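All chains are named by letter (A, B, ...) in the order of the sequence lines, taking the proteins before the strands, and each is independently numbered beginning at 1. This one's a predicted model, so the numbers in the text were calculated from it and none came from an experiment.
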Number of protein chains: 2
Amino acid sequence: MPDRSGRPSAGEARGAGTVGKALAVLDQVAGYGRPVRFAEVQRDSPFPKATLYRLIQTLTSQGMLRLDPESGTYALGVRLVRLAHAAWHTTSLAPIARPHIDALSAELGETVHLAQLDHGQVLYVDKRNATVPVRMYSQAGKVGPAYCTGVGKAMMAFLPAPDLEDTIAQQSFHRFTPNTLTDRASLLRDLAAIRDRGHAFDDEEHEAGIICLAVPILTDGRQVLGAISVTATSARRSLDELGELAPALRAAARKIATEASAWRFPDRAAEPLATTG
Amino acid sequence: MPDRSGRPSAGEARGAGTVGKALAVLDQVAGYGRPVRFAEVQRDSPFPKATLYRLIQTLTSQGMLRLDPESGTYALGVRLVRLAHAAWHTTSLAPIARPHIDALSAELGETVHLAQLDHGQVLYVDKRNATVPVRMYSQAGKVGPAYCTGVGKAMMAFLPAPDLEDTIAQQSFHRFTPNTLTDRASLLRDLAAIRDRGHAFDDEEHEAGIICLAVPILTDGRQVLGAISVTATSARRSLDELGELAPALRAAARKIATEASAWRFPDRAAEPLATTG
DNA sequence: CTAGATGGTTCCATTATGTGAAACTTGGTT
DNA sequence: AACCAAGTTTCACATAATGGAACCATCTAG
């Protein structure tokens, strides 16, 4: 099984400075997805006991990790949740894109994804599911492969050459389904087609039975901000049918891009803090 | 105006080790809520230029910050979003509590908050507003004072003595309204009452016209996990009326606590990653 | 109740790392 | 050309991180 997690492995932290190591530990703890004991962390860590211990202590005292004294386990700390809020607003397209995604999802009646590119992997920052009420964070924050998803290919297709090189170099080309593009050449061919027609398809390349249509979110300067996609089951829709939704998707992407660009020089709106208790 | 931001001021980072400083910078950048230039950060930073420069470089190369080469501004990086997701799931009660909060909100038709205690301050991790569709992250992540909010007092009331000491020591006792408890003694008296009856009131102590009822979320071992509250305007409801909702709140808190406890020894559910595109 | 694990914490000489004043480059402005 | 501010690099120096080893618990087995 390939390493599908996009997070830097602990090995990459070598010689990366103290903060790099600390962050590697943080990532590692985050990776478990549950509280973990010190010993457990140590088992999977390249750092010697004492070093790891201090790193964890530092992170804990900084509020990035939290030690539950009862069970002696570490979990991610509240400071991270606070940062999460800020990250949401500052970095991601999600808050800007949200209303557009809502509208799209309502209009099309299908699942809609918003994604960004992160070190060669696709980071889903928001998701809207028309039928079921959204458990918002259930999907957002997850990462997936770029070479075999609609959003991934849509973004890659419009990357400047050097960035594209980087990104491709990071693809595992693992075959998930019979349709998965498993080599550089076929991917490049698909990317060219995507560039031509302006949207990407995922023809059950990642998961059998799941198809999707995706378009990139581009600034006027052609910078890739992210991508949005509609997903459906091949049982319910054909690729061609999905293709007909392209104009709607493209319109939404355009609006998001425009608003995102406007964000460039924001007039720091002093959103009043209201009605807490 | 008191410093209402819960984030550690840069000053606290003095002698805190390299990671502490780096995290202080991260917090600072997060605090702007928008992309910032290096010079701007430097202006508000206690660190000398070169040091700050390297710290920012480190954070950037680590993916915690992101430098937009076009505008020369720094924003929070994607790695943070990823960590945020994990933090949300691991550390906070939000994902567990969400359905219960939904139900509560629907049942009572009032605004419901879910909060946790963070270094003497209240961290709102989720919010449900019955009438308007929730813009989920708009409020979550915000921090507020503990001594004059329902959730804050509800949690403090059930803290072990030493922790309570710590927490009280961190209160500013700033008078927001005529009803604000502005000294240790009256706070302690209120906490005793809260302990007795099992729920806390906020009688316009933080914001005029806003009242609320809160109950703590406690484990069987009486550990404070968080608190939930219903908020109303004094125009629309009386404190007594709110008080009648206590059983419903308590029931929800109990359910949340039970589920949260179950999380203690999770059987690492291999949640399948579905329907992406 | 020992003997031996195993998980967690502390010491401390060594050295890698981070520090920051100052110098330098770049690009824009008068 | 002269100036100024933002951003970047340098380098002698000192702080802060390192990690091997020793040290405390608990806990388990004999």
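- In this structure, A:D44 atom CG and C:dG7 atom P are separated by 13 Å, rounded to whole Å.
- The distance between atom OH of B:Y74 and atom C1' of D:dA6, rounded to the nearest whole Å, is 11 Å.
- Atom P of nucleotide C:dG18 and atom CG of B:L59 are separated by 12 Å, given to the nearest angstrom.
- Atom CD in A:Q57 sits about 15 Å away from atom C1' in D:dT18, given to the nearest Å.
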Using the rule given for ring pair (Phe, Tyr, Trp, His ring centres under 6.0 Å), can you reason through A:Y74 versus A:F38, listing the C-alpha separation, both sets of side-chain angles and the distance that settles it, and then say yes or no? CA-CA 7 Å; A:Y74 292 90; A:F38 173 87; 7.1 Å; no

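- Between A:R254 and A:E259 there is no salt bridge, since no side-chain nitrogen of the basic residue lies less than 4.0 Å from a carboxylate oxygen of the acidic one.
- B:R37 contributes no side-chain N or O that forms a donor-acceptor pair with the base of D:dG7 under 3.5 Å.
- Remark: B:R250 engages B:H199, B:A246 in a side-chain contact (heavy atoms from CB on, under 4.5 Å) (not counting sequence neighbours).
- The nearest pair of heavy atoms linking B:G198 to B:F158 is CA-CZ, 4.4 Å.
- Annotation: the terminal axes of the helix from C:dC1-D:dG30 to C:dT30-D:dA1 meet at 30°, where each axis is the rotation carrying the C1' atoms of four end pairs onto the next four (5 pairs per end, rounded to 10°).
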For every nucleotide of nucleotides 21-30 of chain C, 5' to 3': is a protein heavy atom under 4.0 Å from its base (B), only from its sugar-phosphate (S), or from neither (-)? B---------

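- Donor-acceptor pairing under 3.5 Å is recorded for the side chains of A:Y32 and A:D44.
- Rounded to whole Å, the distance from CZ on A:R54 to P on D:dG20 is 12 Å.
- Between A:R43 and B:L55, the residue whose closest nucleotide on DNA chain C is further toward the 5' end is A:R43.
- Smallest separation of non-hydrogen atoms from B:A87 and A:V81: CB-CG2, 4.3 Å.
- Taking CD from B:E40 and CD from B:Q28, the interatomic distance works out to 9.5 Å, rounded to the nearest 0.5 Å.
- An OP1 or OP2 oxygen of D:dT9 is reached within less than 4.0 angstrom by a side-chain nitrogen or oxygen of B:Y53.
- Residues passing the salt bridge (charged side-chain N to carboxylate O under 4.0 Å, His left out) test with A:R184, sequence neighbours excluded: A:E165.
- With rounding to whole Å, B:F47 atom CZ is found 14 Å from D:dT15 atom C1'.
- Put simply, the side chain of A:L23 reaches to within 4.5 Å of the side chain of B:M64, judged on heavy atoms.
- Rounded to a whole Å, the CD1 atom of A:I56 is 16 Å from the C1' atom of D:dA17.
- Between B:L123 and the options B:L117, B:L114, B:D118, a side chain to side chain contact (heavy atoms under 4.5 Å, CB included) holds for only B:D118.
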Could you go through residues 48-59 of chain A and list every donor-acceptor pair under 3.5 Å that involves a side-chain atom there, pairing it with any protein atom two or more places apart or in another chain?
unit_1	atom_1	unit_2	atom_2	d
A:Y53	OH	A:Q57	OE1	3.2
A:T58	OG1	A:R54	O	2.8

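- Comparing atom distances between the A:T18 side chain and each of C:dT19, C:dT9, C:dT17 picks out C:dT17 as nearest.
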Listing time: all N or O pairs from protein to nucleotides 24-29 of chain D that are below 3.5 Å?
none

